[in-house]
Trainee: 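Dumping the structure here so I can ask a few things about it.
Below, chain A is the first sequence line, B the second, and so on; all start at residue 1. In this text the structure is predicted, and so the values were computed from the model without any measurement.
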Protein chains: 2
Amino acid sequence: MIQITIIGSGNVAQHLIKAFSASKIIEIKQVFSRKKEALHHLIEFEKIIDDYNHLQTADLHIIAVSDNAISEVSEQLPFNNQLVVHTSGTSSIELLNEKNRRGVFYPLQTFSKTKEVDFSIIPFCLEAENTADFKLLETVAKSISTAVYSISSEQRKALHVAAVFVNNFTNHLYHLGQEICEENQLPFAILRPLIQETADKINTLDPVDAQTGPAKRHDSNTTEAHLAFLQDENKKNIYKILTQSIQHNGKKL
Amino acid sequence: MIQITIIGSGNVAQHLIKAFSASKIIEIKQVFSRKKEALHHLIEFEKIIDDYNHLQTADLHIIAVSDNAISEVSEQLPFNNQLVVHTSGTSSIELLNEKNRRGVFYPLQTFSKTKEVDFSIIPFCLEAENTADFKLLETVAKSISTAVYSISSEQRKALHVAAVFVNNFTNHLYHLGQEICEENQLPFAILRPLIQETADKINTLDPVDAQTGPAKRHDSNTTEAHLAFLQDENKKNIYKILTQSIQHNGKKL
């Protein structure tokens, strides 16, 4: 069995605890959490610790805390020359204290407490300073997911920016669509099948081939009518800039 | 049986022909197409006509052509006082020639030739000038879909704008995400599960509750690092404006 210790109790930590608990080759040795109660529905209470001095070494130590806490947490670990990784999309491997062997174990997904996630399709982006450590991370990731990638810190930064576009920004467009519906006494539910189909389409089509709509058609009658319809300056501005971007990209390709 | 004639041979016309062919209460009487061959895989050849003078009356005549052709096509129909509808999200009911009884039969979905669509969940937005005609449109729509709505021309305009945000603009964000991946030797496939989960989430969460990411967290270290990473002025600009919009909306709520 590969012994893993997890430091953290947030969304990512909790989802990892669940996924590892179901793996046949992994044993969760300890979980560090300031709030022990936050985790006792997920793991035996005696495995949860809240004092760094009680941390024992394992094959792999996963720091799943917010970006700005990674550096300090990695410094506080009471051991040297062990394998320590973080789970962040934005942070460099360098952020980890160099007294230990370092790596990254980044699951590229959006986690929320209230929704179950199918780990088997989540891409894991791995990085390590030496081959043996990378192999161990690969074995661990493959025991819970079928999509495992070797990604450098520089590539991971690019990937996180791309993820902001397709996840955070996309979700915000859903929010703006909802506002437009509610301002006009339309149920947001009416847009849900369209949102689903828009996402489904790019499983079989390249986004550029899936692009439709008035911007793509250079149908200025419609885009001008839409801009006249939008009262809110912020939505008007977003409409203009994304329309121009679609038309600019269309020309380039 | 309700007899329906379809005028047009594009994506919407073809998807409607397929859906109606499977309905037990609908008979497709005729289909008008300039290019008869475009449709003969979908319907008996003798039902396809290419001369307006051969059009017979039916219970319902559906004009499924591009927005700028609706007016002229509706004028050319060789009959009066029949029920004639268009399928457009942007065009007013008024665009139809008033020699016939007018209506709108708008399926809110993005259609592409290469991908099958599950009609049963597509929202149909209906409008008619009198109650009997509305009832007929409702019966027809309910025979192929479970999501049927009464939507005025004014509401339909709002809905179309909202659809541009959640469909056309969202797809363009996928495209920008793909560009960032390719510029950094990353496979776009790595983003697909995230895109899928982003869309799935809003089936159970409101978009505002599903919002995550550096903009929402007001994590300016990350947003500034992302802006510094983005070389392209267009992507930088879109990143800035959507980040501000997320933060502005966050405050309002």
Trainee: If I measure from the heavy atoms of chain B, does A:T222 come under 4.5 Å with its side chain, its backbone, both, or neither?
Mentor: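 The side chain, not the backbone.
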Trainee: Go through the atoms of A:V164 and report whether side chain, backbone, both or neither lie under 4.5 Å from a heavy atom of chain B.
Mentor: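 Side chain of A:V164 only, per the 4.5 Å heavy-atom cut-off to chain B.
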Trainee: Do side-chain atoms of A:Q155 reach the backbone of B:L186 as a donor and acceptor pair under 3.5 angstrom?
Mentor: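 Looks like no, no N/O pair under 3.5 Å.
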Trainee: Looking only at heavy atoms and a cut-off of under 4.5 Å, which of A:C181, A:A163, A:A147 has the most pairs with chain B?
Mentor: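 Result: the option with the highest number of such pairs is A:A163.
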Trainee: Using 0.5 Å steps for rounding, measure from the CD atom of A:E154 to the CZ atom of B:F229.
Mentor: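 Answer rounded to 0.5 Å: 6.0 Å.
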Trainee: What part of B:Q185 lies closer than 4.5 angstrom to a heavy atom of chain A: side chain, backbone, both or neither?
Mentor: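 Both backbone and side chain.
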Trainee: For A:P187, which atoms come within 4.5 Å of any heavy atom of chain B: side chain, backbone, both, or neither?
Mentor: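 Side chain only.
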Trainee: How far apart are the C-alpha atoms of B:L108 and A:L191, what are their side-chain angles, what is the distance that settles it, and do they pass the side chain to side chain contact (heavy atoms under 4.5 Å, CB included) test?
Mentor: CA-CA 8 Å; B:L108 178 63; A:L191 288 179; 3.9 Å; yes
Trainee: Quick one: are B:L159 and A:I190 in side-chain contact, heavy atoms under 4.5 Å?
Mentor: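 Yes, close enough: below the 4.5 Å cut-off.
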Trainee: Can you tell me which of A:D67, A:N237, A:L230 forms the most heavy-atom pairs within a distance under 4.5 Å of chain B?
Mentor: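 Maximum pair count with chain B is reached by A:L230.
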Trainee: Answer with side chain, backbone, both or neither: which region of A:I195 has an atom nearer than 4.5 Å to a non-hydrogen atom of chain B?
Mentor: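 For A:I195, heavy atoms of backbone and side chain both lie under 4.5 Å from chain B.
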Trainee: What distance separates B:S152 OG from A:N184 CG, expressed to the nearest 0.5 Å?
Mentor: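 Result: 8.5 Å between the selected atoms.
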Trainee: Under a 4.5 Å heavy-atom cut-off, does chain B meet the side chain of A:N167, its backbone, both or neither?
Mentor: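 Backbone plus side chain of A:N167, per the 4.5 Å heavy-atom cut-off to chain B.
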Trainee: By a 4.5 Å heavy-atom criterion (distance strictly below it), what part of B:N234 contacts chain A: side chain, backbone, both, or neither?
Mentor: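 Side chain only.
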Trainee: Is any side-chain heavy atom of A:I241 closer than 4.5 Å to a side-chain heavy atom of B:I241?
Mentor: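 Touching, per the 4.5 Å side-chain cut-off.
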Trainee: Any side-chain heavy atom of A:Y239 sitting closer than 4.5 Å to one from B:F169?
Mentor: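 Sidechains of B:F169 and A:Y239: in contact.
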Trainee: Look up atom OG1 in B:T198 and atom CG in A:L173, then write down how far apart they are to the nearest 0.5 Å.
Mentor: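 One finds 11.5 Å between OG1 of B:T198 and CG of A:L173.
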Trainee: Is there a side chain to side chain contact (heavy atoms under 4.5 Å, CB included) between B:Q211 and A:N168? Walk through the geometry before answering.
Mentor: CA-CA 6 Å; B:Q211 190 68 55; A:N168 304 155; 3.8 Å; yes
Trainee: Got a donor-acceptor contact below 3.5 angstrom from the B:Q178 side chain to the A:D206 backbone?
Mentor: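 Side chain of B:Q178 to backbone of A:D206, a donor-acceptor pair under 3.5 Å: no, none is there.
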Trainee: For B:A162 and A:G177, work out which heavy atoms get closest and say how close.
Mentor: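 Between these two residues, the closest heavy atoms are CB-O, 3.8 Å.
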Trainee: What pair of heavy atoms forms the shortest contact from B:I238 to A:L242, and how long is it?
Mentor: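 Minimum heavy-atom separation between B:I238 and A:L242: CD1-CD2, 3.8 Å.
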Trainee: How long is the gap from CG on B:N68 to CG on A:D219, to the nearest 0.5 Å?
Mentor: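 If I round to the nearest 0.5 Å, the distance is 7.5 Å.
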Trainee: Is A:L176 close to B:S245 at the side-chain level, that is, under 4.5 Å between some pair of heavy atoms?
Mentor: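 Of all side-chain heavy-atom pairs linking A:L176 with B:S245, at least one is under 4.5 Å.
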Trainee: Below 4.5 Å, heavy atoms only, C-beta onward: do A:P207 and B:H172 meet side chain to side chain?
Mentor: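 SC-SC contact between A:P207 and B:H172 ruled out.
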Trainee: So what's closer than 4.5 Å to chain A heavy atoms on B:T243: side chain, backbone, both or neither?
Mentor: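 Contact with chain A involves both backbone and side-chain atoms of B:T243.
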Trainee: Please lay out, stage by stage, how A:Q196 and B:N203 fare under the test side-chain hydrogen bond (donor to acceptor under 3.5 Å, both in side chains).
Mentor: CA-CA 9 Å; A:Q196 204 61 51; B:N203 285 317; 3.0 Å; yes
Trainee: Is the backbone of B:Q109 close enough, under 3.5 Å, to the side chain of A:E197 for a donor and an acceptor to pair up by distance?
Mentor: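 No.
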Trainee: Under a 4.5 Å heavy-atom cut-off, does chain A meet the side chain of B:A215, its backbone, both or neither?
Mentor: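 For B:A215, there is no contact with chain A at all, as no heavy atom is under 4.5 Å.
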Trainee: Test A:N171 against every option in B:I202, B:T212, B:D209, B:I246 by the side-chain contact (heavy atoms from CB on, under 4.5 Å) rule and name the one that passes.
Mentor: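 Only one option passes, and that is B:I202.
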Trainee: Are the side chains of A:H160 and B:H226 in contact, using a 4.5 Å heavy-atom criterion?
Mentor: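 B:H226 reaches A:H160 side chain to side chain.
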